[in-house]
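Since the model is a prediction, treat every value here as computed from it, not as a measurement.
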Amino acid sequence: MAAGLAALLLLLPACAPKEDVPPETCAAAPVTLAVATDLHYISPAICDNGETFRTMVEHSDGKAMLYIQEIMETFVAEMTALQPDAVLLTGDLTLLGAKASHEDLVKLLQKLQEAGIQTLVIPGNHDLDSDSALSFSGETYASTEGIAAEDFAALYAPFGLEQALSRDEASLSYVYAPRKDLRVLMLDTNAGAWCSVTEETMKWVERQLKAAKRAGAKVVAASHQNMDIHNPRFTWGYQIVGGDDLRALYEKYGVICNLSGHLHNQHIVDGAVPEVATSALSICPNQYGVITYDGKTFSYQTKELDVSSWAKEKGETDPNLLDFAAYSEEFMTAVNRSKTAERLADSGLSEEETALLADTIARLNTAYFSGAAFDLTPYAEGIALWRANGGNAHLESIAAEAAEEYRTLTVTLP
């Protein structure tokens with residue numbers, strides 16, 4: 001085949017962008033989807049992991065940012081091995097919205113495209129029109145260029161927008177069909193006011209749901225922010241404004257599930273239209289979701305990145321990479337332990353009591369973010385001390401869900 005023709009074929013979308021005509025290439029075989037969120041990628045071109053950057057991440061929320069390049073390269077390698085029908089990235093693709101980070105992330109995602117894996121992206125609240133886009137070098141930092149919505153559409157065009165059955169004119173939302181009877185609604189919840197969906201986009205969503213119903217296709221939805229409330233302490237800025245209306249619309253048309261992120265912790269709200277908030281890929285336990293759909297059953301389960309195996313294969317010698325799961329867990333715990341101890345500095349507690357409370361909340365927080373059920377018994381002394389000193393709303397919300405498992409979901413379709 002001539003090189004020019006081969007290149008042209010690679011550029012052609014797999015499915016014709018017609019709202020009511022499912023792709024001819026869609027097969028009846030089960031579909032596998034992967035979903036990851038809150039990558040918070042930063043390009044090595046604008047970050048040298050120097051003192052200023054280290055100080056920032058050590059006072060943040062526990063994201064393993066010093067190894068974000070290795071995390072992303074491991075993710076690309078695992079997706080290449082898994083060969084899902086599509087990879088969904090549900091926002092906060094970059095740490096601070098820098099153009100250089102978007103450009104280098106695109107280069108990583110192109111490796112998936114070259115491996116025959118369709119990637120689907122939507123922006124998060126950190127990705128567009130950022131006034132805090134920064135570059136880091138040693139002890140200094142500086143403002144750097146960000147991107148606007150039109151730049152995002154151009155940069156990420158091969159990752160869902162070009163292959164869309166339909167695109168919303170009022171946002172970066174679109175619909176993609178991995179097979180004849182399944183459609184993925186990628187909903188941009190940051191195009192209007194932050195954490196919201198405009199009236200125009202809501203009308204477009206309903207048209208897409210009607211079109212899917214006419215075509216006999218089921219719909220899986222995805223957004224960055226959450227349709228539902230996953231923790232009563234995190235509502236404003238987390239639940240989509242009008243989330244109840246969105247849920248009602250999804251229920252009306254039989255949407256299977258909504259996939260979101262933003263919270264950084266792994267959580268599921270079950271119901272007529274369940275919502276899975278996948279934990280941040282950049283934070284312990286550095287996991288993503290794997291979905292299988294066979295027309296009758298929709299199944300979701302988490303999988304932890306195996307950075308250590310990737311590092312060994314690459315001949316890396318950094319001990320943190322060679323035992324990355326332990327490093328990532330301890331880093332997140334240490335960050336939260338330090339922040340909690342600072343907040344308790346003027347509490348009047350003894351040094352020993354402060355250390356116990358800080359360690360208790362840090363370890364419970366790490367366990368909670370994983371989405372796995374965990375035993376409160378080892379933390380009984382610290383919890384009792386918290387409660388004896390007025391309690392802590394965040395700890396109580398964690399303790400209330402300790403016995404619950406949020407890493408798997410199975411939906412049996414009617």
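By the 4.5 Å heavy-atom criterion applied to side chains, Ser299 and Leu409 are not counted as neighbours. Counting heavy atoms from C-beta on, the side chains of Gln163 and Gln118 come closer than 4.5 Å. A heavy-atom distance below 4.5 Å is not found between the side chains of Thr410 and Phe298. Put simply, the side chain of Thr32 does not reach to within 4.5 Å of the side chain of Ile291, judged on heavy atoms. A 4.5 Å side-chain heavy-atom check between Phe369 and Ser279 finds every atom pair outside the cut-off. Counting heavy atoms from C-beta outward, Arg179 and Asp181 have side chains that approach closer than 4.5 Å. With contacts defined as side-chain heavy-atom distances shorter than 4.5 Å, the pair Ile122/Leu89 does not qualify. Residues Lys63 and His264 are in side-chain contact: their nearest non-hydrogen atoms beyond the backbone lie under 4.5 Å apart.
Environment of CD in Glu169: sparse, with no more than 12 heavy atoms of neighbouring residues, nucleotides or ligands closer than 6.0 Å. Heavy-atom contacts from other residues, nucleotides or ligands closer than 6.0 Å to NZ of Lys339 number more than 12. The 12-atom threshold is not exceeded at CD of Glu199, counting heavy atoms of other residues, nucleotides or ligands nearer than 6.0 Å. Annotation: Lys213, atom NZ; neighbour count of heavy atoms from other residues, nucleotides and ligands within 6.0 Å does not exceed 12. The local environment of CD in Glu396 is crowded, with over 12 non-hydrogen atoms from other residues, nucleotides or ligands closer than 6.0 Å. Summarising the local packing, OH of Tyr141 is surrounded by 12 or fewer heavy atoms from other residues, nucleotides or ligands at distances under 6.0 Å.
Between Lys107 and Glu103 no salt bridge is recorded (no basic side-chain N to carboxylate O distance below 4.0 Å). One finds a salt bridge joining Asp228 and Arg247 here, because a Lys/Arg side-chain nitrogen approaches an Asp/Glu carboxylate oxygen to under 4.0 Å. Salt bridge Glu206/Lys252: present, at least one basic N to carboxylate O contact under 4.0 Å.
Summarising the geometry, atom CD1 belonging to Ile42 is positioned 14.0 Å from atom CE belonging to Met72; distances are rounded to the nearest 0.5 Å. Considering CG of Leu187 and CG of Asp168, their distance stands at 8.5 Å, rounded to 0.5 Å. Here Ser308 contributes atom OG and Leu321 contributes atom CG; the two are 7.5 Å apart, rounded to the nearest 0.5 Å. How far CG of Asp306 is from CD of Glu313: 10.0 Å, rounded to the nearest 0.5 Å. A distance of 14.5 Å separates OH of Tyr379 from CG of Leu357, quoted to the nearest 0.5 Å. To the nearest 0.5 Å, atom OH of residue Tyr238 and atom NE2 of residue His230 are 12.5 Å apart.
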Show the numbers, then the answer: is there a side-chain contact (heavy atoms from CB on, under 4.5 Å) between Tyr253 and Val219?
-> CA-CA 9 Å; Tyr253 289 97; Val219 175; over 6 Å; no
Side chain to side chain donor-acceptor pair (under 3.5 Å) assessment of Asp85 paired with Tyr293 = CA-CA 11 Å; Asp85 294 279; Tyr293 173 80; over 6 Å; no
Could you walk me through whether Thr408 and Tyr300 pass the side-chain contact (heavy atoms from CB on, under 4.5 Å) test, one step at a time?
-> CA-CA 5 Å; Thr408 63; Tyr300 169 100; 5.8 Å; no
Given side-chain contact (heavy atoms from CB on, under 4.5 Å), test Leu376 with Leu364 step by step and report yes or no.
-> CA-CA 8 Å; Leu376 290 174; Leu364 284 174; 3.8 Å; yes
Please step through side-chain contact (heavy atoms from CB on, under 4.5 Å) for the pair Glu342 and His59, ending with a clear verdict.
-> CA-CA 11 Å; Glu342 287 178 6; His59 290 80; 4.2 Å; yes
Start with the C-alpha gap between His262 and Asn226, add the side-chain angles, then the distance that decides, and say whether side chain to side chain donor-acceptor pair (under 3.5 Å) holds.
-> CA-CA 7 Å; His262 189 52; Asn226 316 119; 5.8 Å; no
Show your reasoning for whether side chain to side chain donor-acceptor pair (under 3.5 Å) applies to Thr201 and Thr198.
-> CA-CA 5 Å; Thr201 295; Thr198 65; 3.0 Å; yes
Lys314 vs Glu70, salt bridge (charged side-chain N to carboxylate O under 4.0 Å, His left out): CA-CA, chis, key distance, verdict = CA-CA 10 Å; Lys314 296 295 182 180; Glu70 291 82 358; over 6 Å; no
Please step through side chain to side chain donor-acceptor pair (under 3.5 Å) for the pair Glu401 and His267, ending with a clear verdict.
-> CA-CA 10 Å; Glu401 297 192 277; His267 199 267; 2.8 Å; yes
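Judged by distance alone, with hydrogens and angles left aside, the side-chain atoms of Thr140 form a donor-acceptor pair with the main-chain N or O of Ser137 at under 3.5 Å. Using a distance-only test at 3.5 Å, with no hydrogens or angles considered, a donor-acceptor pair links the side chain of Ser370 to the main chain of Ala367. At least one donor-acceptor pair closer than 3.5 Å links the side chain of Thr340 to the backbone N or O of Asn336. Of the possible donor and acceptor atoms, one in the side chain of Thr80 sits under 3.5 Å from a partner among the backbone N and O of Val76. Looking at Gln239, its side chain does come within 3.5 Å of a backbone N or O of Met227 through a donor-acceptor pair. Of the possible donor and acceptor atoms, one in the side chain of His102 sits under 3.5 Å from a partner among the backbone N and O of Asp127. Between the side chain of Asp48 and the backbone N or O of Gly138, at least one donor-acceptor pair lies under 3.5 Å.
Residues Asn125 and His224 have side chains that bring a donor and an acceptor to within less than 3.5 angstrom of each other. For the residue pair Ser101 and Ser43, no side-chain donor N or O sits within less than 3.5 Å of a side-chain acceptor on the partner. No side-chain donor-acceptor contact under 3.5 Å links Asp188 and Ser173. Side-chain atoms of His394 and Asn365 include a donor-acceptor pair closer than 3.5 Å. For the residue pair Trp204/Ser171, the side-chain donor-acceptor check at 3.5 Å is not satisfied. Side-chain contact, Ser282 with Asp38: no donor N or O sits under 3.5 Å from an acceptor N or O. Judged by distance alone, the side chains of Gln69 and Tyr41 do bring a donor and an acceptor atom under 3.5 Å apart. A side-chain N or O of Thr333 and one of Thr366 form a donor-acceptor pair less than 3.5 Å apart.
For residues 358-374, the salt bridge (Lys or Arg N to Asp or Glu O under 4.0 Å) pairs, not counting sequence neighbours, are Arg337-Asp359, Asp359-Arg363.
Within the 6.0 Å centre-distance limit, the rings of Tyr327 and Tyr67 are counted as a close aromatic pair.
Looking at Leu108, Leu112, Val106 one by one, the single match for side chain to side chain contact (heavy atoms under 4.5 Å, CB included) with Gln110 turns out to be Val106. Among Ile71, Val57, Asp92, Thr94, the single residue meeting the side chain to side chain contact (heavy atoms under 4.5 Å, CB included) criterion with His40 is Asp92.
With sequence neighbours left out, the side chain to side chain donor-acceptor pair (under 3.5 Å) criterion links Asn49 to no other residue.
The aromatic rings of Trp236 and Trp194 lie perpendicular to each other, with more than 60° between the two planes, well past the 30° mark.
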